[in-house]
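Have a look at the structure below, then the notes.
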Amino acid sequence: ASIWRYAELLPVDAPEVALLPPGWTPLVPAPRLAEDLGVRELWLKLDTANPTHSFKDRVVSVAATKARESAYALCVVDLDQFKVINDSMGHAVGDKLLMVIAQRLKESLRISDTAARLGGDEFVILLEHLDTDLTVSSHKASEVAHKVKQAISEPFLLNYSDYYLSASIGVCLFQGSELSADEIIRRADISMYQSKNTGRDRVSFYDQEMKEQLEKRTILKSDLHSAI
């Protein structure tokens with residue numbers, strides 16, 4: 001499995017660049033960093049020094065592959081109550097926690113899967129080459145998603161204390177090239193919020209009803225705002 005970490009782009013001579021955790025290297029070669037200072041974003045990948053594209057570029061590439069036969073799945077993983085630990089125990093503890101979570105994700109995924117941290121307490125996972133049958137693919141994606149959820153729920157020993165987290169996970173299963181990358185990501189995000197809204201610490205797969213419910217809520221909020 002491949003792991004990306006999302007971070008702010010820093011000048012090449014910034015001390016923070018030299019203090020990156022061991023094994024984390026810029027996706028783009030150092031000479032190019034200065035050219036991208038206006039972007040303020042940088043993808044970092046774990047355990048590799050090879051330049052590569054961003055995670056979203058990978059999703060775009062997969063979504064545009066017309067000859068694809070196997071189904072794929074995009075999972076959005078949001079850490080429940082991470083902000084409470086980060087705010088109460090400090091960002092140093094929060095950063096260590098995220099590093100441990102990244103390692104657990106890597107250990108939970110198949111070698112063909114890819115994961116990235118989008119910033120804050122949110123990760124995304126691309127499950128590739130599941131199966132040509134959507135039912136089998138859904139089962140495989142569910143297995144991986146629940147494995148990730150279980151891994152995150154195990155206690156974290158940091159600074160001689162145990163910390164506990166859970167994860168709300170949304171999954172969008174897709175096959176063929178009818179969906180754009182943005183739509184795939186949007187559907188996985190909708191599914192993740194469904195998990196949060198129904199009690200957290202669970203896995204939800206996208207379905208058309210979720211979209212209809214979201215549209216109804218959006219219209220209702222708009223109507224209420226207009227009435228006020």
**Message:** Within the 4.5 Å heavy-atom criterion, are Val124 and Arg117 side-chain neighbours or not?
**Reply:** no

**Item:** Asn197 side-chain N/O to Tyr193 backbone N/O, donor-acceptor pair under 3.5 Å
**Value:** yes

**Message:** Could you check whether any side-chain heavy atom of Val203 comes within less than 4.5 Å of a side-chain heavy atom of Val148, counting everything from C-beta outward?
**Reply:** no

**Request:** Answer whether the closest heavy-atom distance between the side chains of Val100 and Lys96 falls below 4.5 Å.
**Result:** no

**Asked** Got a donor-acceptor contact below 3.5 angstrom from the Thr132 side chain to the Ser70 backbone?
**Response** no

**Approximate separation, where rounding is to 0.5 Å, of Ile184 CD1 and Phe174 CZ** = 4.0 Å

**Item:** Minimum heavy-atom distance between Ala141 and Ala73, given as atom pair plus value
**Value:** CB-CB, 4.0 Å

**Message:** So does Gln150 get a backbone contact from the side chain of Ser153, meaning a donor-acceptor N/O pair under 3.5 Å?
**Reply:** yes

**Test log, rule side chain to side chain contact (heavy atoms under 4.5 Å, CB included), inputs Leu74 and Ile185** = CA-CA 7 Å; Leu74 186 73; Ile185 294 170; 3.6 Å; yes

**Asked** Between Leu109 and Val144, does a side chain to side chain contact (heavy atoms under 4.5 Å, CB included) hold up when you go through it step by step?
**Response** CA-CA 7 Å; Leu109 301 181; Val144 175; 3.7 Å; yes

**Complete:** dist Ser204:OG -> Arg202:CZ (nearest 0.5 Å) comes out at 7.0 Å

**Message:** In the structure I gave you, are the side-chain heavy atoms of Leu98 and Phe123 within less than 4.5 Å of one another anywhere?
**Reply:** yes

**Request:** May I ask you to say whether Arg110 pairs ionically with Asp113, meaning some side-chain N is under 4.0 Å from a carboxylate O?
**Result:** yes

**Request:** Examine distances only and state if a side-chain atom of Gln194 and a backbone atom of Tyr206 form a donor-acceptor pair shorter than 3.5 Å.
**Result:** no

**Any side-chain heavy-atom pair of Val93 and Asn86 under 4.5 Å** = no

**Message:** When you compare the side chain of Asp189 with that of Arg186, does any pair of heavy atoms fall below 4.5 Å?
**Reply:** no

**Request:** Look up atom CG in Asp133 and atom NZ in Lys140, then write down how far apart they are to the nearest 0.5 Å.
**Result:** 9.5 Å

**Prompt:** Is a side-chain donor-acceptor pair under 3.5 Å present for Ser195 with Ser168?
**Reply:** no

**Prompt:** Is the closest side-chain heavy-atom distance between Leu127 and Tyr72 below 4.5 Å?
**Reply:** no

**Message:** Test your reading of the model: is there a side-chain donor-acceptor pair from Thr114 to the backbone of Leu126, 3.5 Å cut-off?
**Reply:** no

**Fill in**
Nearest heavy-atom approach of Met192 to Val76 is CG-O, 3.8 Å

**Complete:** What one should report as the nearest heavy-atom pair of Ala145 and Val171 is CB-CG2, 4.3 Å

**Asked** Applying the 4.5 Å side-chain criterion to the ILVMFWY set and letting contacts propagate, would Leu134 and Phe205 be lumped into a single cluster?
**Response** yes

**Prompt:** Rounded to the nearest 0.5 Å, how far does CD of Glu107 lie from CG of Leu105?
**Reply:** 9.5 Å

**Asked** Do we get Arg104 above Phe156's six-membered ring, with its NZ or CZ under 6.0 Å from the centre and within 45° of the axis?
**Response** yes

**Asked** Once you round to the nearest 0.5 Å, how far does SG of Cys172 lie from CG of Asp207?
**Response** 11.0 Å

**Request:** Show your reasoning for whether side chain to side chain contact (heavy atoms under 4.5 Å, CB included) applies to Asp121 and Asp78.
**Result:** CA-CA 6 Å; Asp121 56 0; Asp78 189 87; 3.6 Å; yes

**Item:** Residues forming a side chain to side chain donor-acceptor pair (under 3.5 Å) with Ser138, sequence neighbours excluded
**Value:** none

**Prompt:** Looking just at side-chain N and O atoms, do His139 and Thr135 make a donor-acceptor pair shorter than 3.5 Å?
**Reply:** no

**Within residues 82-91 or reaching into it, pairs that qualify as salt bridge (charged side-chain N to carboxylate O under 4.0 Å, His left out) - sequence neighbours excluded** = Lys83-Asp87

**Pairs flagged by salt bridge (charged side-chain N to carboxylate O under 4.0 Å, His left out) wherever residues 141-155 is involved - sequence neighbours left out** = Lys149-Asp201

**Request:** Please tell me if the side chains of Ile152 and Ser166 come closer than 4.5 Å, counting only heavy atoms from C-beta onward.
**Result:** no

**Request:** For the pair Ser137 (side chain) and Asp131 (backbone), establish whether a donor and an acceptor sit closer than 3.5 Å, ignoring hydrogens and angles.
**Result:** yes

**Pairwise distance OH(Tyr164) to CD1(Ile85) - rounded to 0.5 angstrom** = 11.0 Å

